[in-house]
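Numbers restart at 1 for each chain; the letters A, B, ... are given by sequence-line order, proteins then strands. Everything numeric in this text was worked out from a predicted model, so none of it was measured.
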Amino acid sequence: MLTTRPRGTADILPGQVEKWQYIEAIAARVAKEYGYREVRTPIFEHTELFTRGVGEDTDIVEKEMYTFQDRGERSITLRPENTAAVVRAYLENSLYAGPQPVKLYYVGPMFRYDRPQAGRFRQFHQFGVELFGTNHPASDAEVMAMAMDFYGRLGLTGLELHVNSVGCPNCRPVVRESLLKFFEPVYDELCPNCQNRYRKNPLRLLDCKSERCAELSKTAPTTVDCLCGDCRTHFEQVQQYMDDLGVPYVLDNRLVRGLDYYTHTAFEIMASDIGAQSSIGAGGRYNGLIEAVGGAPAPGIGFALGLERIILSLDKRGYAPDLKPIPEVFLTVTGDTASREGFKLLASLRAAGISADMDYQGRSLKAQMKYAGKISARYVIIIGDAELQQGRIVLRDMSAGEQQEVALPDVVAAVTLGLGGE
RNA sequence: GUGGGUGUAGCUCAGGCGGUUAGAGUACCAGAUUGUGGCUCUGGGGGCCGUGGGUUCGAGUCCCAUCACCCACCCCA
């Protein structure tokens with residue numbers, strides 16, 4: 001073999017691809033019902049969009065981006081997430097000048113240079129939505145409810161929606177300060193990781209899984225403790241709307257998002273059955289992002305859901321796609337004349353919207369029948385010398401094991417009737 | 001980036017303390033008295049034993065390196 005697929009990528013083959021089509025179809029339907037229209041942005045963008053939009057000292061930007069120079073010596077990056085790119089498209093195409101709010105959704109591949117493991121790939125896919133132009137707490141609730149609605153339609157139950165508020169530029173420094181103050185006396189006892197977090201991203205001190213750190217941070221101040229008045233009110237109203245909708249959620253004041261642009265509401269949806277990478281979807285409000293990317297300040301909120309992880313969870317629950325046999329009709333032909341007659345019949349069947357195929361291998365009738373059985377064709381049409389002389393063919397129903405003779409001009413009608421009668 | 005596990009037909013796996021032409025099941029192809037699938041039987045094709053070094057008279061087997069996959073850390077969807 002010349003080569004293999006790059007690490008962390010996957011070929012999605014027939015038998016698997018139907019699951020993707022199923023998920024994508026439901027995503028499109030749900031998006032439409034919630035008033036979102038699809039947007040397709042480039043797979044790659046100028047690197048600066050992500051360094052500015054996602055945040056200079058996030059893990060994504062520091063060590064996970066696929067970045068390269070193109071032939072024009074521009075620094076290009078394969079998108080590691082899509083929010084920054086959709087914001088860019090929103091600004092570049094002046095969508096802020098149209099009716100507000102603007103609701104966009106996308107489905108497509110993202111790229112992160114990570115070490116692959118269960119539920120984690122270098123090329124993975126997300127279904128995401130972005131809602132620009134409103135800061136109303138109901139919109140926070142709607143976005144979260146929509147994500148849960150989508151999972152529900154797929155048959156994914158038992159997921160946990162964790163919700164938190166990470167504050168705004170006013171209260172974020174307060175959280176930071178109080179965390180630094182709280183952990184300062186025990187700095188030496190923190191794990192090396194957390195000592196690093198202490199310096200770079202104190203918020204993350206709250207969700208360390210190491211026993212000692214968890215113990216130490218038990219009484220630590222949380223984001224919610226430090227919220228300013230506006231943030232507190234907003235968060236309470238979001239919860240009110242969630243309660244009104246009856247969407248279950250758990251308040252999780254340790255929930256911190258890795259991306260810099262989040263403000264106010266942050267949420268994460270967890271699946272317990274897909275391995276260590278249990279986050280199946282996440283999102284939040286990003287009222288500072290549009291300005292950071294160079295636009296006039298405007299609020300925004302969205303989510304991104306991982307399709308590979310959805311499939312993992314579906315698989316765990318034994319979901320199998322409905323596979324309709326392709327083709328519906330298989331033509332067996334013996335001899336050159338039959339082959340030519342069959343070729344014409346094949347075209348008429350297809351023209352009538354019936355999926356049909358015939359043997360091109362010159363195999364024995366028996367072998368052709370065997371093949372038709374293996375690909376689970378619904379009907380087999382047998383054309384040989386005897387049939388040609390009488391102007392009739394044999395139409396065999398493979399699952400019933402019964403067959404009848406049909407005059408050539410009536411074949412399409414007979415097959416249509418048979419398939420329609422299902 | 002760190003750690004553990006695993007690499008032998010398309011797939012799932014056997015291969016004792018190194019020793020002949022490397023096996024099974026399954027899948028694929030063909031046949032079982034010249035026109036009928038599924039079941040059964042018979043036969044056939046198919047293997048740089050992940051790759052590269054090393055030890056040895058001799059390596060699928062032992063050693064080293066490397067790559068890939070799986071799992072976990074980190075982080076995230």
Table of protein N/O atoms under 3.5 Å from nucleotides 1-11 of chain B N/O atoms:
from: B:U2; atom 1: O4; to: A:R115; atom 2: NH1; distance (Å): 2.4

Looking at A:R112, I'd like to know whether one of its side-chain N or O atoms comes within less than 4.0 Å of OP1 or OP2 on B:C75.
no
Interatomic distance at P, B:C62 relative to B:C49, whole Å:
16 Å
Report the glycosidic orientation of B:G53: syn if within 90° of 0, anti in every other case.
anti
Counting only Watson-Crick or G-U wobble pairs whose two distances fall under 3.5 Å, which nucleotide matches B:A65?
B:U51
Using atom P of each nucleotide, how far apart are B:U55 and B:C64 to the nearest Å?
15 Å
Measuring only the C1' atom in each nucleotide, how far is B:G52 from B:A59? A whole number of Å is fine.
15 Å
Considering only side-chain heavy atoms of A:R7, which listed nucleotide, B:U36, B:A77, B:A68, is closest?
B:A68
Residue whose nearest RNA chain B nucleotide is more 5′ - A:E308 or A:M398
A:M398
Output yes when a side-chain donor or acceptor of A:R112 lies under 3.5 Å from a complementary backbone atom of A:P80, and no otherwise.
yes
Decide, yes or no, whether a salt bridge links A:D149 with A:R153 under the criterion of side-chain N to carboxylate O below 4.0 Å.
yes
Applying ring pair (Phe, Tyr, Trp, His ring centres under 6.0 Å) to A:F150 and A:F127, what does each step give before you reach the verdict?
CA-CA 10 Å; A:F150 169 68; A:F127 162 43; 4.9 Å; yes
Would you please classify the geometry between the A:F44 ring and the A:F68 ring as parallel, tilted or perpendicular, with 30° and 60° separating the classes?
perpendicular
Applying the Watson-Crick and G-U wobble criteria at under 3.5 Å, what pairs with B:A72? Answer none if nothing qualifies.
B:U2
B:A77 OP1/OP2 closer than 4.0 Å to side-chain N/O of A:Q277
no
Sub-3.5 Å donor-acceptor pair from the side chain of A:D252 to the main-chain atoms of A:H162, do we have one?
no
Taking the same atom, C1', in B:U20 and in B:G15, what whole-Å distance lies between them?
15 Å
Say whether, by atom type as modelled, one donor and one acceptor occur between the side chain of A:K316 and the main chain of A:I274 under 3.5 angstrom.
no
Categorize A:E64 for me: base, sugar-phosphate, or nothing, with a 4.0 angstrom heavy-atom threshold over every strand shown.
sugar-phosphate
Go through the steps for A:F267 and A:Y249 under the test ring pair (Phe, Tyr, Trp, His ring centres under 6.0 Å), then give the verdict.
CA-CA 10 Å; A:F267 60 95; A:Y249 60 92; over 10 Å; no
Gap in Å between the two C1' atoms, one belonging to B:C28 and one to B:U34, rounded:
25 Å
Rounded to the Å, how far apart are A:L203 CG and B:C76 P?
12 Å
Taking the C1' atom in each of B:C69 and B:G50, what is the distance between them to the nearest angstrom?
10 Å
Among B:A30, B:A72, B:G37, the one nearest any side-chain atom of A:M369 is B:G37
Hey, does the side-chain of A:R309 have a donor or acceptor N/O within less than 3.5 Å of a partner on the base of B:C76?
yes
With sugar-phosphate meaning primed atoms plus P, OP1 and OP2, does A:A282 contact a base, only sugar-phosphate, or nothing at under 4.0 Å between heavy atoms?
sugar-phosphate
For the pair made of CZ in A:R378 and P in B:G38, what is the distance, rounded to whole Å?
18 Å
If you find the nucleotide of RNA chain B closest to A:G401 and the one closest to A:G8, which residue's nucleotide is nearer the 5' end?
A:G401
Is A:R363 touching bases, backbone alone, or none of the nucleic acid, heavy atoms closer than 4.0 Å?
sugar-phosphate
Could you go over nucleotides 32-35 of chain B and give all protein N or O partners under 3.5 Å, atom names and distances?
from: B:G35; atom 1: O6; to: A:A386; atom 2: N; distance (Å): 2.9
from: B:G35; atom 1: O6; to: A:E387; atom 2: OE1; distance (Å): 3.2
from: B:G35; atom 1: N1; to: A:E387; atom 2: OE1; distance (Å): 2.6
from: B:G35; atom 1: N1; to: A:E387; atom 2: OE2; distance (Å): 2.8
from: B:G35; atom 1: N2; to: A:E387; atom 2: OE2; distance (Å): 2.7

Can a salt bridge be assigned to the pair A:D114 and A:R122 using a cut-off of 4.0 Å between side-chain N and carboxylate O?
no
We want to know whether A:S339 and A:D336 form a side-chain donor-acceptor pair, criterion being a heavy-atom distance below 3.5 angstrom.
no
For A:G119, report the nucleic acid contact type (base, sugar-phosphate, nothing); a contact means any heavy atom under 4.0 Å.
base
Has the side chain of A:Q368 got a donor or acceptor atom sitting under 3.5 Å from an opposite partner on the base of B:U36?
no
Expressed as a whole number of Å, how far does the C1' atom of B:A24 sit from that of B:U8?
13 Å
Tell me the partner of B:U40, counting only Watson-Crick (N1-N3 plus N6-O4 or O6-N4) or G-U wobble (N1-O2 and O6-N3) with both under 3.5 Å; none if nothing fits.
B:A32
Residue A:D59, side-chain atoms from C-beta onward, closest of B:U36, B:C29, B:C75:
B:C75
Has the side chain of A:S178 got a donor or acceptor atom that lies under 3.5 Å from a matching backbone atom of A:V174?
yes
Taking pairing as Watson-Crick or G-U wobble with both contacts under 3.5 Å, can you name the mate of B:A27, or confirm there isn't one?
none
Which label fits A:Y90 and A:F132: parallel for a plane angle under 30°, tilted from 30 to 60°, or perpendicular past 60°?
tilted
Paired nucleotide for B:U56 [Watson-Crick or G-U wobble; both distances under 3.5 Å]
none
Please evaluate the base of B:C74 for a donor-acceptor partner in the side chain of A:Q117 within a cut-off of under 3.5 Å?
yes
For residues 360-370 of chain A, the side chain to side chain donor-acceptor pair (under 3.5 Å) pairs (sequence neighbours left out) are A:D359-A:R363
Any base atoms under 4.0 Å from A:Y371, or only sugar-phosphate, or nothing? Heavy atoms, all strands.
nothing
Using the C1' atom on both, measure B:C13 against B:G4 and round to a whole Å.
23 Å
